[in-house]
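Here the structure is a predicted model, which means the values were calculated and not measured.
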Amino acid sequence: MRRRLRRARWLLPVGSAALWRAVRLDPLPRSFSKRSPERLARALLGQLVVHHTARVTRVGRIVETEAYLGPHDLACHSAKGRTKRTEVMFGPHGHAYVYLVYGLHLCLNVVTGQGAAVLLRALEPVEELARADGPGRLTRALGVSLRHNTHPLDTPPLFLARGKPVPARFVVRAPRVGVDYAGQWAHAPLRFLDARSAHVSVKV
DNA sequence: GCGGTGATAGAT
DNA sequence: TCTATCACCGCC
């Protein structure tokens, strides 16, 4: 407990309310992301995403993810090769891959390395969070920007925190959204949802 | 169902 | 430089 408190003080300014929140927000170690993208996508369900800005601490519970397996997965950006943009996915696990799609929306991913990552698709609001069901709405609600690309996700201001794992009976798998161009990979059931949540982006 | 919007990657 | 291509969203 002492250790948690010390960690908490490091996270947030002193103040009883902030401190209380911080105690609840136990950052996940970077090693949490050290597993296959498929396993991480599953494990992230029920965990928390925290963005601590100057004004507020925004917190959401992850209820929908997608695994992007690496260069062999034709739906994965790294299938196009190792480029300036995809470089971060070939780096160490536990960092953020943030990119712009359709000229409008940002997407936030957790890197697992070897060109693979997990896309965060939907959050259930916990603290100071607007509707975040959908990858674009998620980044907007959290206040994530392109500058967060490559940010280590065990470090403030943007980090993953311990939530409550989703029991297997509530985990639903489905094909990923918007990857029709990826041939056989378009059908792979690499999307993971918490079936109890009303905040998933697309119904199965 | 369709238009808006801009970074990226590969072509020229 | 130019052009096609998008892990989407909101409004029609």
Rounded at 0.5 Å granularity, tell me how far CZ in A/R61 sits from CD in A/Q47.
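Reported value, rounded in 0.5 Å steps: 9.5 Å.
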Write down the distance between [atom1] ([X]) and [atom2] ([N]), rounded to a whole number of angstrom.
{"X": "A/D180", "N": "C/dC8", "atom1": "CG", "atom2": "P", "value": "10 Å"}
{"X": "A/L193", "N": "C/dA7", "atom1": "CG", "atom2": "P", "value": "19 Å"}
{"X": "A/R140", "N": "C/dC9", "atom1": "CZ", "atom2": "P", "value": "9 Å"}
{"X": "A/K84", "N": "B/dA9", "atom1": "NZ", "atom2": "P", "value": "9 Å"}
{"X": "A/R85", "N": "C/dC6", "atom1": "CZ", "atom2": "C1'", "value": "8 Å"}
{"X": "A/R176", "N": "C/dA7", "atom1": "CZ", "atom2": "P", "value": "11 Å"}
{"X": "A/W185", "N": "C/dA7", "atom1": "CH2", "atom2": "P", "value": "16 Å"}

Under 4.5 Å side-chain linkage, directly or through intermediates, the cluster mates of A/F90:
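Grouped by the 4.5 Å side-chain rule, A/F90 forms a cluster of one, so the answer is none.
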Side-chain (A/T83) to main-chain (A/T86) donor-acceptor, under 3.5 angstrom:
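Between the backbone of A/T86 and the side chain of A/T83 there is a qualifying donor-acceptor contact (under 3.5 Å).
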Tell me if a side-chain donor or acceptor on A/R140 pairs with a main-chain N or O of A/G136 at a distance below 3.5 Å.
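A pair under 3.5 Å: no.
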Listed pairs under 3.5 Å, donor-acceptor, residues 158-178 of chain A side chains, sequence neighbours left out:
from   : atom 1 : to     : atom 2 : distance (Å)
A/R173 : NE     : A/P189 : O      : 3.0
A/R173 : NH2    : A/E38  : OE2    : 2.8
A/R173 : NH2    : A/P189 : O      : 2.9
A/R176 : NH1    : A/A67  : O      : 2.9
A/R176 : NH1    : A/D73  : OD2    : 2.7
A/R176 : NH2    : A/D73  : OD1    : 3.1
A/R176 : NH2    : A/W185 : O      : 3.1

Just checking A/L100: base, sugar-phosphate only, or nothing, at a heavy-atom cut-off of under 4.0 Å?
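The answer is sugar-phosphate, as A/L100 gets under 4.0 Å only of primed atoms, P, OP1 or OP2.
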Could you list all N or O pairs between the protein and nucleotides 1-5 of chain C that sit under 3.5 Å apart?
none

Does B/dG6 have A/Y102 stacked on its base, where the ring centres are within less than 5.5 Å and the planes differ by under 30°?
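Here the ring of A/Y102 and the base of B/dG6 are not stacked, as the 5.5 Å and 30° limits are not both satisfied.
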Is the distance from OP1 or OP2 of [N] to the nearest side-chain N or O of [X] less than 4.0 Å?
{"X": "A/R82", "N": "B/dT8", "value": "no"}
{"X": "A/Y181", "N": "C/dA7", "value": "yes"}
{"X": "A/H77", "N": "C/dA7", "value": "yes"}

Mate of C/dC2 where both pairing distances stay under 3.5 Å, Watson-Crick or G-U
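Pairing partner: B/dG10.
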Using a cut-off of 6.0 Å, state whether more than 12 heavy atoms not belonging to A/R30 lie near its atom CZ.
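It does: A/R30 CZ has more than 12 such atoms within range.
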In this structure, which one of A/V49, A/V63, A/T65 forms a side chain to side chain contact (heavy atoms under 4.5 Å, CB included) with A/L44?
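When side chain to side chain contact (heavy atoms under 4.5 Å, CB included) is applied between A/L44 and each of A/V49, A/V63, A/T65, only A/T65 qualifies.
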